[in-house]
Amino acid sequence: MADQEVKLLGVWASVFSKRVEIALKMKGISYEFVAQDLSNKSPELLEFNPVHKKVPVLLHKGKPVCESLVILEYIDETWKSGPSILPEDPYSRSAARFWAKFIDEKCHPAIFKIRRSQGEEREKAIEEATEHLTTLENELKGKRFFGGDEIGLVDIAGNFIALWLGVLLELVGIELLTKEKFPKLCEWVDDYLNCSIIKETLPVREELLAFFQSLFQQSN
Ligand SMILES: N[C@@H](CCC(=O)N[C@@H](CS)C(=O)NCC(=O)O)C(=O)O
């Protein structure tokens, strides 16, 4: 069976690996999770993702697929079981790809910049992140999930905003995603984290916090 030939090279604390695990679970595909040590990259990781040398890598029947958003589309196109990750209609599909890309290219860097900067530079980074989160807040108006009534590509891409953002900013003593400023986004976080597949797949907040705390201590 095709399911038995699915392997995921990943890291438990990686927001990108978790995207792939969520998609596989949504489709009901069983897979082998092969944990990677990014401080000592495995020959398998280097062989199957020689360009970026990053997790996640999905191996399907021995063939590698790299880059989490590409993998999500591959999963959606390969397994028609379970709910769709991308919408059917081409315009809605392009919109989903647009917002997923926006999260990766705008939101992630802005939030990481807050952690890395100090003083005036940090204030600017907070302003920038606030602007991007406001854009997402507006995109959610009238919808429960970015995908509509059900979770889809943009929700899964938004893992970082749902869990990692709060953890990373707690470590620098900043609260950005508040109910007062972002009521829709906060409602989305609650609804998303309460979906059974999401709950069983994403890491426990305290464990993630401890992991990044120790990672940052090592890198400071
Ligand atoms: N754009 C990539 C990002 C993947 C990524 O940044 N993975 C990190 C772990 S969270 C990684 O493997 N880092 C190893 C490195 O940078 O050397 C994706 O969406 O899959």
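All ligand and atom numbering here is 1-based and tracks the order in the structure. Nothing fancy with the numbering, it's 1 onward along the sequence. Only heavy atoms go into these numbers, but all of them, side chains included; no hydrogens, no water, no symmetry mates.
Checked by distance only, ligand 1 and Ser68 come closer than 3.5 Å through their nitrogen or oxygen atoms. On a distance-only criterion, Asp104 and ligand 1 share no N/O pair closer than 3.5 Å. Inclusion of Val15 in the set of residues having an N or O under 3.5 Å from an N or O of ligand 1 is not warranted.
Around atom CG of Asp149, no more than 12 heavy atoms belonging to other residues, nucleotides or ligands sit under 6.0 Å away. When the shell of 6.0 Å around NZ of Lys143 is examined, it contains more than 12 heavy atoms from other residues, nucleotides or ligands.
Counting heavy atoms under 4.0 Å from ligand 1, residue Lys41 touches it through the side chain alone.
Exactly one of Leu163, Ile198, Val11, Leu202 qualifies for a side chain to side chain contact (heavy atoms under 4.5 Å, CB included) with Lys18. That residue is Leu202.
With a 4.5 Å cut-off on side-chain heavy atoms, Glu73 and Arg97 count as touching.
Summary of contacts: the protein heavy atom closest to atom 4 (C) of ligand 1 is Val55 O, 3.2 Å. Residue, atom and distance of the protein heavy atom nearest to atom 16 (O) of ligand 1 are Lys54 CE, 3.4 Å. Among protein heavy atoms, the minimum distance from atom 10 (S) of ligand 1 is reached at Ser14 OG, 3.3 Å.
Counting heavy atoms only, Glu67 comes closest to atom 1 (N) of ligand 1 of the residues His52, Glu105, Glu67.
In summary, the atoms of ligand 1 found under 4.0 Å from a heavy atom of Pro56, numbered by their order in the structure, are 20 (O).
Leu59 and Ile75 fall into different hydrophobic clusters, where Ile, Leu, Val, Met, Phe, Trp and Tyr are joined by side-chain heavy atoms under 4.5 Å apart, directly or via other members.
The closest approach between any non-hydrogen atom of Leu38 and ligand 1 is below 4.0 Å.
Checked against the 6.0 Å centroid threshold, Phe146 and Trp188 count as a close aromatic pair.
At least one donor-acceptor pair closer than 3.5 Å links the side chain of Ser81 to the backbone N or O of Lys27.
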